[in-house]
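Note sheet for the following structure.
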Amino acid sequence: QVQLVESGGGLVQAGGSLRLSCAASGRARRSVAMAWFRQAPGKEREFVAAISWSGTSSYYSDSVKGRFTISRDNARNTVYLQMNSLKPEDTAVYYCATDSSFDLDELARGNMDYWGKGTLVTVSS
């Protein structure tokens, strides 16, 4: 089975930057789409960003567009989320996920094949 392990979470001041990493391992087929989601306490999980296998297609939620950048290194089976200009409302557990297709509607619904266990990002004011 596919295993996804997030790292890079931590505490950062508002306006600062942080880079999250997600390493994939295990008995896995090639991932078509890699994505990041987040969930704050008491809130529903929400889509953050996604990227295709080729890296030529990416999609961001309106709340992070222009501030976050998703990228992937297929040789290392790793996807990244560069987060800049962080805001307190970005505080959440961030989850990495992968799917066999790149369908924006499905991504928005959170219908992914595999999920990581998350990494906590805390943005202080």
Side-chain angles (χ1 to χ4, degrees):
Q1 289 294 308
V2 174
Q3 294 179 334
L4 302 174
V5 180
E6 303 94 336
S7 63
L11 175 64
V12 64
Q13 293 184 351
S17 298
L18 202 63
R19 189 181 76 160
L20 304 183
S21 298
C22 174
S25 63
R27 194 187 305 276
R29 53 164 170 70
R30 179 175 295 182
S31 297
V32 174
M34 296 291 291
W36 289 94
F37 296 79
R38 66 185 183 185
Q39 185 171 23
K43 297 183 179 180
E44 298 291 330
R45 182 181 298 178
E46 64 175 339
F47 170 79
V48 176
I51 188 169
S52 65
W53 171 257
S54 66
T56 59
S57 298
S58 60
Y59 180 69
Y60 300 89
S61 68
D62 290 339
S63 63
V64 306
K65 189 174 183 179
R67 299 188 298 119
F68 291 10
T69 302
I70 188 171
S71 62
R72 66 190 302 169
D73 184 343
N74 292 340
R76 302 185 67 177
N77 294 318
T78 302
V79 63
Y80 305 94
L81 184 67
Q82 178 66 47
M83 306 184 294
N84 298 325
S85 301
L86 284 163
K87 305 174 181 179
E89 52 263 43
D90 293 319
T91 296
V93 175
Y94 283 71
Y95 297 91
C96 176
T98 185
D99 196 62
S100 59
S101 64
F102 193 80
D103 185 303
L104 299 184
D105 290 333
E106 292 300 304
L107 289 170
R109 296 175 184 271
N111 295 329
M112 310 296 287
D113 292 336
Y114 300 97
W115 292 86
K117 294 184 177 181
T119 185
L120 177 63
V121 172
T122 302
V123 184
S124 65
S125 60

Residues two or more places apart in sequence or in another chain: which of them pass side chain to side chain contact (heavy atoms under 4.5 Å, CB included) with [X]?
| X | result |
| --- | --- |
| A108 | none |
| K87 | R67, E89, D90 |
| E46 | R38 |

Which residues share a side chain to side chain donor-acceptor pair (under 3.5 Å) with S71, sequence neighbours left out: none

Under the side chain to side chain donor-acceptor pair (under 3.5 Å) rule, collect the residues that match up with S61, sequence neighbours excluded. S63

Could you list all the disulfide (SG to SG under 2.5 Å) pairs where at least one residue sits in [range], not counting sequence neighbours?
| range | value |
| --- | --- |
| residues 42-75 | none |
| residues 53-90 | none |
| residues 44-74 | none |
| residues 58-125 | C22-C96 |

For residues 117-125, run the donor-acceptor check on the side chains, cut-off 3.5 Å, and write out each pair with its distance to 0.1 Å, sequence neighbours left out.
{"unit_1": "T119", "atom_1": "OG1", "unit_2": "G9", "atom_2": "N", "d": "3.2"}

Report the residues that fulfil ring-ring contact (aromatic ring centres under 6.0 Å, His included) with F47, sequence neighbours left out, ordered by chain and then residue number. F37, Y59

Any F68 side-chain heavy atom under 4.5 Å of L86 side chain: yes

Can you find a heavy atom in the side chain of T69 that is under 4.5 Å from one in the side chain of Y60? yes

For the residue pair S101 / D103, report whether a side-chain donor-acceptor contact shorter than 3.5 Å exists. no

R76 and N74 side chains, donor-acceptor separation under 3.5 Å: no

Suppose the criterion is side-chain hydrogen bond (donor to acceptor under 3.5 Å, both in side chains): which pairs have a residue in residues 5-19, not counting sequence neighbours? S17-N84

